[in-house]
Amino acid sequence: MVTTVQDSSAQVVRGPATTAPPPEPRRRKGPASRRDDTWVAWLLVAPAILGFGVFFAYPMLRGIYLSFTEFHILTPPVWTGLANIHELINDGRFWHSLGVTAYFVVLSVVLGVGVSLVTAVVLHRLGVSTTVRGLMILPFLISGVVTALVWTWMLDPQLGIVNQLITRVTGEPVMFFGSDAWAVPTLAALNVWKTMGYNAVLIFAGLQTIPASIYEAGRIDGASEWQMFRSLTLPLLRPILVMVVILNVISATQVFDIVQVSTKGGPADASLVLQMYIYDKAFGQFDFGYAATMSLALFLLLVTVTFTQLRMARAGESDTN
Amino acid sequence: MKLGKAVAWSYLIVVLLITIFPFYWILRTALSDNFAMSTDPSSLLPVHFTWGPFKRALGLATPAEAAAEGGSGAKIDLALALWNSVVYAGLLTLCTVVFSALAAYAFARLHWKGRDVVFGVLLTALMVPSVFTLLPNFVLMKDLGLLNTFGGMILPGAFFSAFNIFFLRQFMLGLSNEVEEAAIIDGAGPLRVCFRIVLPMSVAPMATLTLLTFITTWNDYFWPLLVTNDESVRPLTLALAVFKQSSPQASLDWAGLMAATLVAALPMLLLFLVFGRRLVNSIGFTGIK
């Protein structure tokens, strides 16, 4: 199969080369090694630039514009200036969903990165085979929908296996998705379950770049395992940990599918994460202008958080070198 | 020291159990009789072993059979949804990897005015979360009349992926010049060098990207949810969610739902069996970059 692909591409290339011979010698004669590839380059980049312009830059500008309009899809948007922002500031439900999202992000990032780090270190120290690391990333391969479905079933108050065990011990089931107090922690746990293996493999790859000689030196100096972890592993791992934290914050802030399939934001808005609220505004109430304002807010929030994290990471960089 | 190892191993075993148990539980439930399951919910083996749930999920069971095992009236055309997912994820992956490779070649190996500026501008897309462009993109797809079409699902991601271009460019920058120079001296134009030399040398990272993009697209839920509400183009993720939501809450057909879930996850599990090792290594690789 590979050969046929190469053959056909070769023919494609041969086409223009034979039909337009005159410019070729001229280009080759030019100052020894530097050719001018401008027209080919633009041709090759054209699809990407098209995609960037039509499906990224234009929608982005339009999103900013729509944030300042009243827009219900069926009629053209009407410019309303700062009305949406005014609404946003006074929208208790928005601030509530922001709080829910922050709670979810903190729980899943702290727990997720913590467990991933410990798992990666354990995998590394025990010298476990690739197969085990492979099993770890199984949850990464399945969709959030499948994750939400299987855990909704396992955590079912009556028939779920987890609650069967809990009932045996404590006598009463835990309403994981059905109670105010448990909904967000449960969703965070699902998120951790789904992303832990992937993060652990990332961190593991970082651990592999640390030369073994450093640990040998540490051991000769009489450092304990814990001391070596704290003063060798952690600082050297810092760049990759920063990346893992940032990636996890970005994806957790945009959590949607596991929430939409399991709790739909309930009970009574207890797990109404921001993206769930935006979706509900746009497609439940067809208030596209306001939904755009909220996604603009989410975007600005993410930019701020990411830059703050990067700055904090950089501020502490000197002590690692 | 010995104690530390024992603790580490027990930790690892617990983590592995939590990771893998849900997959076993899907299988166990999918092979159970939905009625009988409520009599023995904590049995570790299938309750009243039956292929019924799979038959229901695949639409092979008669209504009477389904009712006898506790199937609900909710229907799911799994074969169609599977096909839709294959088309959606397959086409999108193919396009994005090919177009990213072409662009990456131009950014990595060609010399042209404005190259670095254009590259820098395209990279800004890495910073913007998808949620911000998804709503306006939905409006765009609606304006273009592409709702409920594969075109609408695929187009936004088909031509441009900042991460893919960045990733492939990094790899191509590291290729040695020698073969390329020799070909240029022999009179090969830049396109010929691209297709005959650079792309064949970049098969490994392209395969990695193909795998990662395919998995992400296959599992994507939000974008298909926005642009499709018709069964004829609805991918698996969406079909599963709709199946659950359309079932009566009180008597959910968990066995049938888990069977459908398993069928939905099966292609990913097969990919895992074939490419698991490569996947593990490529995740590490993308991280180091």
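All chains are named by letter (A, B, ...) in the order of the sequence lines, taking the proteins before the strands, and each is independently numbered beginning at 1. No experiment lies behind these values; they were computed from the predicted model shown.
- Checked against the 6.0 Å centroid criterion, the rings of B:Trp112 and B:Phe107 qualify as a close aromatic pair.
- The parts of A:Phe299 that come within reach of chain B are both its backbone and its side chain, each placing non-hydrogen atoms under 4.5 angstrom from that chain.
- Each of A:Thr131, A:Thr253, A:Leu296 has some count of heavy-atom pairs under 4.5 Å with chain B, and the biggest count is that of A:Leu296.
- Evaluation of the salt bridge (charged side-chain N to carboxylate O under 4.0 Å, His left out) test over residues 123-143 of chain B, restricted to residues two or more places apart or in two chains, returns A:Arg62-B:Asp143.
- Of the possible polar contacts, none joining the A:Asp287 side chain to the A:Phe71 backbone as a donor-acceptor pair under 3.5 Å is found.
- The part of A:Ile278 that comes within reach of chain B is its side chain, from C-beta onward, which places non-hydrogen atoms under 4.5 angstrom from that chain.
- Residue A:Lys194 does not touch chain B at all, counting heavy-atom pairs closer than 4.5 Å.
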TODO: List the steps, then state whether side chain to side chain contact (heavy atoms under 4.5 Å, CB included) holds for A:Tyr65 with A:Met60.
DONE: CA-CA 9 Å; A:Tyr65 166 70; A:Met60 218 182 119; over 6 Å; no
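- In terms of modelled atom types and a separation under 3.5 Å, the side chain of B:Ser10 and the main chain of B:Ala6 share a donor-acceptor contact.
- Ranked by non-hydrogen atom pairs under 4.5 Å with chain A, the options B:Ala265, B:Ala241, B:Ala125 are led by B:Ala125.
- Ranked by heavy-atom pairs shorter than 4.5 Å toward chain A, the options B:Leu226, B:Thr261, B:Leu199 are led by B:Leu226.
- Using a 4.5 Å cut-off between heavy atoms, A:Leu135 contacts chain B through both its backbone and its side chain.
- Side chains of A:Trp153 and B:Thr29: a donor-acceptor N/O pair is present below 3.5 angstrom, by distance only.
- Between B:Phe138 and A:Phe288, the ring planes are parallel. Angles under 30° get that label, and only those over 60° would be called perpendicular.
- Counting heavy-atom pairs closer than 4.5 Å to chain B, the top-ranked of the candidates A:Val122, A:Val45, A:Leu141 is A:Leu141.
- Only the side chain of A:Ala282 comes within less than 4.5 Å of a heavy atom in chain B; its backbone stays farther off.
- A:Ile137 touches chain B through its side chain: at least one heavy atom from C-beta onward sits under 4.5 Å away, while N, CA, C and O do not.
- Contact annotation for B:Ile165: only side-chain heavy atoms (C-beta onward) come within less than 4.5 Å of a heavy atom of chain A.
- In this structure, the portions of A:Val54 lying under 4.5 Å from any heavy atom of chain B include both its backbone and its side chain.
- The choice from B:Leu122, B:Ile26, B:Leu240 that makes the most heavy-atom pairs within less than 4.5 Å of chain A is B:Leu122.
- A:Ser129 does not touch chain B: none of its heavy atoms, backbone or side chain, sits under 4.5 Å away.
- Taking chain B as the reference chain and counting heavy-atom pairs below 4.5 Å, the highest number among A:Gln208, A:Met154, A:Arg133 is found for A:Met154.
- Looking at B:Val121, the atoms closer than 4.5 Å to chain A (heavy atoms on both sides) sit in the backbone and in the side chain alike.
- Between the side chain of A:Trp151 and the backbone N or O of A:Ile258, no donor-acceptor pair lies under 3.5 Å.
- With respect to chain B, the highest number of heavy-atom pairs below 4.5 Å among A:Pro47, A:Gly134, A:Gly51, A:Ala292 belongs to A:Pro47.
- Per-residue counts of heavy-atom pairs under 4.5 Å with chain A were compared for B:Leu16, B:Leu257, B:Val128, B:Thr133; the largest is that of B:Val128.
- Residues meeting the side-chain contact (heavy atoms from CB on, under 4.5 Å) test with A:Val128, sequence neighbours left out: A:Leu123, A:Leu126, A:Val132, B:Trp9, B:Leu12.
- Counting heavy atoms of neighbouring residues, nucleotides and ligands inside a 6.0 Å radius, atom CZ of A:Phe307 does not exceed 12 of them.
- Side-chain atoms of B:Ser161 do not come within 3.5 Å of backbone N or O of B:Gly157 as any donor-acceptor pair.
- Among B:Phe159, B:Trp218, B:Phe132, the residue with the largest count of heavy-atom pairs under 4.5 Å with chain A is B:Phe132.
- Counting heavy-atom pairs under 4.5 Å between each of A:Val261, A:Leu138, A:Leu302, A:Val146 and chain B puts A:Leu138 at the top.
- In this structure, chain A has no heavy atom under 4.5 Å from any part of B:Leu134.
- Contacts of A:Thr152 with chain B are made by both backbone and side-chain atoms, with heavy-atom separations under 4.5 Å.
- Neither the backbone nor the side chain of A:Met294 comes within contact range of chain B; no heavy atoms are under 4.5 Å apart.
- Proximity to chain B (any heavy atom under 4.5 Å) is shown, for A:Phe140, by both the backbone and the side chain.
- When heavy atoms are compared at a cutoff of 4.5 Å, B:Ser130 approaches chain A by way of both its backbone and its side chain.
- Chosen from A:Val303, A:Ile73, A:Leu66, the residue pairing most often with chain B at heavy-atom distances under 4.5 Å is A:Ile73.
- Only the side chain of B:Tyr11 comes within less than 4.5 Å of a heavy atom in chain A; its backbone stays farther off.
- Of the atoms belonging to B:Ile215, it is side-chain heavy atoms, and not backbone ones, that fall under 4.5 Å from chain A.
- Using the six-membered ring where Trp is involved, A:Phe56 and B:Phe160 have ring planes that are tilted, between 30° and 60° apart.
- For a residue to count as touching a neighbouring chain, one of its non-hydrogen atoms must lie under 4.5 Å from one of that chain's; by this rule A:Phe256 touches chain B with the side chain only.
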